[in-house]
Amino acid sequence: MSVPEGHIEVHHGTLTVNVPRKIFKTGTAEIVPERAAPFREMIMARYPWLTANSVNVLMERASKEMRQVLDEETSGRSASRVLADGGRMREAIDHLTKSLERNPDDPDSWYLLGELLCREGRTEEGYKAFAEGRKRF
């Protein structure tokens, strides 16, 4: 079974649910409650044996899965931005560096690495990352 466009696949026990991406804040794994409410109601109606807590767990898994999907789609940039925005700069740089080892031809990731390094005060390394990104265009 393939996942419909605009959805992500989430597993909860033996249940597999296609969660619409539109319930998330654009470009993030943050669930927007007003957007998620109709989906939650549909899940509760379709699977009446699920408790409200089970649906909450399903939504948490959807958020986690969305983070992973976004990270794959952005070659590590999504998770690195979240880590950096949360004050975990070293982890953000490490995550992005590992992603660049797998995909060194991604100029956007080189640019973000440069930005993160500069924000951390490592400007010389940051400028080298910017230069590497320019070479990859």
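Only a predicted model underlies this, so the values are computations on that prediction, with no experimental measurement involved.
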With sequence neighbours excluded, residues passing side chain to side chain contact (heavy atoms under 4.5 Å, CB included) with [X]:
| X | answer |
| --- | --- |
| R88 | L83, E91 |
| H11 | E9, T16 |
| S78 | L70, D71, T74 |
| Q68 | E65, E72 |

Flag, side chain of H7 to backbone of E5, donor-acceptor distance under 3.5 Å: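 Yes.
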Would M66 and V19 count as a side-chain contact (heavy atoms from CB on, under 4.5 Å) here? Give the steps. CA-CA 10 Å; M66 187 63 176; V19 178; over 6 Å; no
Any side-chain heavy-atom pair from V17 and F39 closer than 4.5 angstrom?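 Result yes, sub-4.5 Å side-chain heavy-atom pair found.
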What pairs meet the salt bridge (Lys or Arg N to Asp or Glu O under 4.0 Å) rule with one or both residues in residues 13-27, with sequence neighbours excluded?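 Checked against salt bridge (Lys or Arg N to Asp or Glu O under 4.0 Å) - neighbours excluded - the pairs reaching residues 13-27 are R21-E73.
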Can you run down the salt bridge (Lys or Arg N to Asp or Glu O under 4.0 Å) pairs that involve residues 53-62, sequence neighbours left out, and say none if there aren't any? none
Over all atoms of both residues, closest heavy-atom pair of [X] and [Y]:
| X | Y | answer |
| --- | --- | --- |
| S80 | H95 | OG-CD2, 3.3 Å |
| T123 | C118 | CA-SG, 4.0 Å |
| S63 | A29 | OG-O, 2.7 Å |
| M89 | A84 | SD-CB, 4.0 Å |

Evaluate the criterion side-chain contact (heavy atoms from CB on, under 4.5 Å) for residue pair I43 and M59; output intermediate values, then yes/no. CA-CA 11 Å; I43 291 296; M59 298 304 277; over 6 Å; no
Does N103 have any side chain to side chain donor-acceptor pair (under 3.5 Å) partners at least two apart in sequence or in another chain, and if so, which?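 So N103 forms a side chain to side chain donor-acceptor pair (under 3.5 Å) with S75.
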Qualifying residues under side chain to side chain donor-acceptor pair (under 3.5 Å), relative to S54, sequence neighbours excluded: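 Listed in chain order: T51.
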Pairs touching residues 28-48 that satisfy side chain to side chain donor-acceptor pair (under 3.5 Å), sequence neighbours left out: R40-N56
Show every side chain to side chain donor-acceptor pair (under 3.5 Å) that has at least one partner inside residues 127-137, sequence neighbours left out.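 Checked against side chain to side chain donor-acceptor pair (under 3.5 Å) - neighbours excluded - the pairs reaching residues 127-137 are D105-R136, E132-K135, E132-R136.
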Spell out, yes or no, whether M42 and L50 are grouped together once hydrophobic residues are joined by side-chain heavy atoms under 4.5 Å, including indirect joins. yes
Hydrophobic clusters here meaning ILVMFWY residues chained together by side-chain heavy-atom distances under 4.5 Å, can you tell me if W49 and V55 are in one?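 Same cluster.
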Under a 4.0 Å N-O cut-off, is there an ion pair linking K98 with D94? no
Mind listing the side-chain donor-acceptor pairs of residues 107-117 below 3.5 Å, one per line with the distance, residues two or more places apart or on another chain?
residue, atom, partner, partner atom, Å
S109, OG, R77, NH1, 3.2
S109, OG, D106, OD2, 2.6
W110, NE1, P104, O, 2.7

For V82, the rest of its hydrophobic cluster, which grows through side-chain links under 4.5 angstrom: none
